[in-house]
Amino acid sequence: MKTNTNTQTTTPSVVPTLTPAPVTAVASGFTLGLDLGDRRHYVCVLDATGQIIHEGPMLNDRAALALLLTQYPAATVALEAGTHSP
(Lines give C-alpha, C1' and ligand atoms only; values in the text may rest on other atoms or scores of the structure.)
Protein backbone atom coordinates (compact mmCIF):
# COMPACT_ATOMS: atom_id res chain seq x y z
CA MET A 1 0.00 0.00 0.00
CA LYS A 2 1.29 3.42 -0.96
CA THR A 3 1.12 6.18 1.63
CA ASN A 4 0.59 9.85 0.92
CA THR A 5 3.75 11.79 1.71
CA ASN A 6 2.29 15.14 0.64
CA THR A 7 1.85 17.27 3.75
CA GLN A 8 0.47 20.35 2.03
CA THR A 9 -3.06 21.25 2.89
CA THR A 10 -5.27 22.15 0.03
CA THR A 11 -8.28 24.35 0.18
CA PRO A 12 -11.10 24.30 -2.29
CA SER A 13 -10.68 26.81 -5.07
CA VAL A 14 -13.21 29.46 -4.29
CA VAL A 15 -13.33 32.77 -6.04
CA PRO A 16 -14.32 35.49 -3.61
CA THR A 17 -17.26 37.52 -4.76
CA LEU A 18 -18.17 40.98 -3.75
CA THR A 19 -21.65 41.90 -2.72
CA PRO A 20 -23.05 43.95 -5.58
CA ALA A 21 -24.10 47.49 -4.88
CA PRO A 22 -27.85 47.98 -4.82
CA VAL A 23 -29.23 48.99 -8.19
CA THR A 24 -31.56 51.93 -8.17
CA ALA A 25 -33.88 51.73 -11.12
CA VAL A 26 -35.09 54.95 -12.61
CA ALA A 27 -38.69 54.28 -13.44
CA SER A 28 -39.96 56.11 -16.48
CA GLY A 29 -43.38 54.55 -16.26
CA PHE A 30 -43.10 52.98 -19.70
CA THR A 31 -42.76 49.31 -20.54
CA LEU A 32 -41.51 48.19 -23.93
CA GLY A 33 -42.45 44.71 -25.09
CA LEU A 34 -40.30 43.55 -28.00
CA ASP A 35 -40.89 40.40 -30.02
CA LEU A 36 -37.62 39.95 -31.89
CA GLY A 37 -37.81 38.42 -35.34
CA ASP A 38 -35.45 37.52 -38.15
CA ARG A 39 -36.98 39.95 -40.63
CA ARG A 40 -38.75 42.48 -38.43
CA HIS A 41 -39.55 43.13 -34.80
CA TYR A 42 -42.89 43.90 -33.18
CA VAL A 43 -43.15 46.44 -30.36
CA CYS A 44 -45.82 47.24 -27.81
CA VAL A 45 -45.40 50.29 -25.56
CA LEU A 46 -47.38 50.54 -22.32
CA ASP A 47 -47.70 53.59 -20.10
CA ALA A 48 -47.59 53.50 -16.28
CA THR A 49 -51.26 52.48 -16.09
CA GLY A 50 -50.80 49.57 -18.52
CA GLN A 51 -52.56 51.24 -21.43
CA ILE A 52 -51.15 50.57 -24.90
CA ILE A 53 -49.81 53.82 -26.33
CA HIS A 54 -48.05 52.35 -29.38
CA GLU A 55 -48.11 48.99 -31.05
CA GLY A 56 -46.82 47.71 -34.37
CA PRO A 57 -43.96 46.31 -36.46
CA MET A 58 -40.54 47.92 -36.60
CA LEU A 59 -37.42 47.43 -38.68
CA ASN A 60 -34.92 44.81 -37.60
CA ASP A 61 -31.85 47.03 -37.36
CA ARG A 62 -29.77 48.83 -34.75
CA ALA A 63 -30.93 52.29 -35.79
CA ALA A 64 -34.60 51.43 -35.21
CA LEU A 65 -33.86 49.92 -31.80
CA ALA A 66 -31.70 52.90 -30.82
CA LEU A 67 -34.46 55.30 -31.84
CA LEU A 68 -37.03 53.38 -29.80
CA LEU A 69 -34.80 53.47 -26.72
CA THR A 70 -34.18 57.20 -27.08
CA GLN A 71 -37.93 57.82 -27.34
CA TYR A 72 -38.52 55.94 -24.07
CA PRO A 73 -35.40 56.38 -21.91
CA ALA A 74 -35.26 54.34 -18.70
CA ALA A 75 -38.22 52.21 -19.77
CA THR A 76 -38.53 48.64 -18.59
CA VAL A 77 -37.86 46.32 -21.54
CA ALA A 78 -39.25 42.81 -21.96
CA LEU A 79 -37.86 40.71 -24.83
CA GLU A 80 -39.27 37.66 -26.52
CA ALA A 81 -37.17 35.73 -28.98
CA GLY A 82 -37.76 32.27 -30.33
CA THR A 83 -36.99 29.90 -33.15
CA HIS A 84 -40.31 30.17 -35.00
CA SER A 85 -38.84 31.21 -38.35
CA PRO A 86 -38.84 28.72 -41.22
Side-chain angles (χ1 to χ4, degrees):
M1 179 189 306
K2 189 173 182 180
T3 59
N4 186 0
T5 57
N6 185 358
T7 58
Q8 292 179 342
T9 7
T10 59
T11 57
S13 63
V14 176
V15 177
T17 57
L18 301 174
T19 304
V23 175
T24 305
V26 178
S28 70
F30 293 105
T31 301
L32 305 177
L34 282 169
D35 185 358
L36 303 179
D38 292 337
R39 296 181 198 101
R40 73 174 112 163
H41 302 323
Y42 195 85
V43 62
C44 181
V45 181
L46 304 177
D47 66 9
T49 65
Q51 295 297 312
I52 297 173
I53 60 171
H54 174 73
E55 184 175 22
M58 63 181 287
L59 293 176
N60 179 356
D61 64 13
R62 289 181 188 220
L65 288 171
L67 177 62
L68 180 68
L69 295 175
T70 57
Q71 291 172 333
Y72 302 98
T76 300
V77 178
L79 297 175
E80 179 182 4
T83 55
H84 301 293
S85 297

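Note that this is a predicted model, so its numbers are computed, not measured. One-based numbering along the sequence shown.
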- prompt: According to a 4.5 Å side-chain heavy-atom criterion applied to Ile, Leu, Val, Met, Phe, Trp and Tyr, with indirect links allowed, do Leu32 and Leu79 form part of one hydrophobic cluster?
  reply: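 Leu32 and Leu79: one cluster.
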
message: If hydrophobic clusters are built by linking Ile, Leu, Val, Met, Phe, Trp and Tyr wherever their side-chain heavy atoms come under 4.5 Å apart, do Leu59 and Leu36 end up in the same one?
response: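 Result: no, two separate clusters.
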
field: Taking every non-hydrogen atom, the tightest pair across Asn60 and Asp38
entry: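 Distance-wise, the nearest heavy atoms are ND2-O, 2.7 Å.
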
- request: Work out which heavy atom in Arg40 is nearest to a heavy atom in Met58; give both atom names and the distance.
  value: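 Looks like CB-O, 3.5 Å.
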
query: Does the side chain of Ile53 reach to within under 4.5 Å of the side chain of Leu46, using non-hydrogen atoms?
result: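 A side-chain contact is absent here, since even the closest heavy-atom pair is not under 4.5 Å.
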
Partners passing side chain to side chain donor-acceptor pair (under 3.5 Å) against Asp47 (at least two apart in sequence or in another chain):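 Residues passing side chain to side chain donor-acceptor pair (under 3.5 Å) with Asp47: Thr49.
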
Can I get a per-line list of side-chain donor-acceptor pairs under 3.5 Å for residues 63-77, giving both atom names and the distance, sequence neighbours left out?
from: Thr70; atom 1: OG1; to: Ala66; atom 2: O; distance (Å): 3.3
from: Thr70; atom 1: OG1; to: Leu67; atom 2: O; distance (Å): 2.8

